[in-house]
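Structure first, then comments.
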Amino acid sequence: MTTADDRALPPALADLARTEIDYADGEGIDFEPYDAFDPAEKTTDWLRQWTGNHALDGDAYRVFGQDGTGGLAALWYGRPGRPLAEQPVVFLGSEGERGVVAGNLSDFLWMLADGCGPFEAVMYGADASRPDAALTALAERHATTPRRPARDILAEARAEFPAFAEDIDALCR
């Protein structure tokens with residue numbers, strides 16, 4: 001399922017970690033990208049605490065950022081055998097929020113460019129477009145999918161992985 005170098009941050013996420021994301025006093029994006037994936041042990045500990053299920057490991061997730069409350073964004077190995085950048089982006093919030101937010105890393109970059117972060121997508125949807133110039137430039141450098149509004153990206157991801165939230169719920173003890 002994984003490869004030896006799948007713990008290396010893809011260039012797009014490394015670039016994102018160096019890009020300022022404007023919180024705009026609560027009107028912007030509540031997202032803090034990491035400059036490295038969380039280590040496997042930390043991801044496993046987090047997933048066990050989040051679900052209360054100590055039989056789980058975190059191998060299916062590569063955590064790459066958080067919101068201000070500690071909710072985590074991750075690439076999720078929801079497509080076995082596909083490269084890391086083609087895996088969906090998911091969010092698991094500090095208060096039990098959970099959902100797929102983009103079908104792949106490229107779409108996630110376009111979502112950010114449209115002014116919607118993972119927390120906002122799961123909590124409020126992606127109806128309002130607030131384009132961000134710096135994040136648009138980042139997406140233009142790295143994205144391999146066509147630019148689309150965040151609401152379309154979110155709808156496509158939810159349609160492809162409709163049972164993600166229920167599957168996470170089933171893991172909880």
Side-chain angles (χ1 to χ4, degrees), residues 1-19 21 29-112 116-126 142-145 153-173:
M1 169 163 92
T2 60
T3 63
D5 64 12
D6 74 344
R7 289 263 172 208
L9 218 55
L13 288 180
D15 199 4
L16 180 61
R18 294 184 299 269
T19 304
I21 297 179
I29 298 173
D30 183 5
F31 183 64
E32 303 165 20
Y34 297 165
D35 60 5
F37 285 126
D38 273 350
E41 302 79 23
K42 185 174 181 179
T43 302
T44 292
D45 288 346
W46 157 73
L47 187 62
R48 288 176 177 174
Q49 289 177 7
W50 202 93
T51 62
N53 185 342
H54 295 283
L56 298 176
D57 65 45
D59 285 351
Y61 301 92
R62 298 295 176 270
V63 176
F64 65 88
Q66 68 179 45
D67 72 346
T69 68
L72 300 178
L75 288 164
W76 163 56
Y77 277 98
R79 295 186 181 109
R82 302 274 290 274
L84 186 60
E86 294 179 17
Q87 301 299 336
V89 175
V90 298
F91 179 79
L92 287 99
S94 62
E95 300 298 322
E97 310 90 352
R98 68 268 179 270
V100 176
V101 298
N104 56 56
L105 180 54
S106 179
D107 284 350
F108 180 68
L109 297 177
W110 288 123
M111 176 174 272
L112 292 173
C116 185
F119 170 80
E120 293 82 12
V122 169
M123 288 300 296
Y124 311 114
H142 294 284
T144 57
T145 55
I153 291 168
L154 182 60
E156 290 168 13
R158 288 179 174 173
E160 185 175 358
F161 300 99
F164 178 79
E166 292 78 16
D167 292 346
I168 290 292
D169 290 348
L171 297 175
C172 294
R173 302 292 177 249

Value rounded to 0.5 Å, distance of [atom1] in [X] from [atom2] in [Y]:
X	Y	atom1	atom2	result
Tyr34	Leu13	OH	CG	12.5 Å
Trp46	Thr51	CH2	OG1	9.0 Å
Arg48	His54	CZ	NE2	8.0 Å
Asp67	Ser94	CG	OG	6.0 Å
Cys172	Asn53	SG	CG	8.0 Å
Thr43	Arg7	OG1	CZ	5.0 Å

Using side-chain heavy atoms (C-beta onward) and a distance below 4.5 Å, is [X] in contact with [Y]?
X	Y	answer
Leu84	Tyr77	yes
His142	Ser106	no
Leu16	Phe31	yes
Glu32	Ile21	no

Salt bridge present between Arg79 and Glu160 (N-O < 4.0 angstrom) =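 A salt bridge links Arg79 with Glu160.
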Do Arg98 and Asp169 sit within salt-bridge range, that is, some charged N less than 4.0 Å from a carboxylate O?
->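 Salt bridge between Arg98 and Asp169, a charged N being under 4.0 Å from a carboxylate O: yes.
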Backbone of [Y] reached by a side-chain donor or acceptor of [X] within 3.5 Å:
X	Y	value
Gln87	Gly78	yes
Glu120	Asp30	yes
Gln49	Leu47	no

If I compare all heavy atoms of [X] with all of [Y], which pair ends up nearest, and what's the gap?
X	Y	value
Pro10	Phe37	CD-CZ, 3.7 Å
Trp110	Ala143	NE1-CB, 3.1 Å
Asp35	Ala17	CA-CB, 3.8 Å
Gly125	Cys116	O-SG, 4.0 Å
Met111	Val101	CE-O, 2.9 Å

Start with the C-alpha distance between Phe119 and Tyr124, add both sets of side-chain angles, then the distance that settles side chain to side chain contact (heavy atoms under 4.5 Å, CB included), and finish with yes or no.
-> CA-CA 8 Å; Phe119 170 80; Tyr124 311 114; 3.9 Å; yes
Leu56 vs Thr44, side chain to side chain contact (heavy atoms under 4.5 Å, CB included): CA-CA, chis, key distance, verdict = CA-CA 7 Å; Leu56 298 176; Thr44 292; over 6 Å; no
Residues, nucleotides or ligands: over 12 heavy atoms within 6.0 Å of Glu166 CD |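 Yes, the 6.0 Å shell around CD holds more than 12 heavy atoms from other groups.
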Where does the angle between the aromatic ring planes of Phe64 and Phe108 fall among parallel (under 30°), tilted (30 to 60°) and perpendicular (over 60°)?
->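 Answer is perpendicular, since the angle exceeds 60°.
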Between the side chains of Thr145 and Asp107, is a donor N or O closer than 3.5 angstrom to an acceptor N or O?
->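 Per modelled atom types, Thr145 and Asp107 side chains form a pair under 3.5 Å.
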Stepwise side chain to side chain contact (heavy atoms under 4.5 Å, CB included) check, Leu72 with Val90 | CA-CA 8 Å; Leu72 300 178; Val90 298; over 6 Å; no
Verify side chain to side chain contact (heavy atoms under 4.5 Å, CB included) between Asn104 and Val89, making sure each step is shown before the conclusion.
-> CA-CA 6 Å; Asn104 56 56; Val89 175; over 6 Å; no
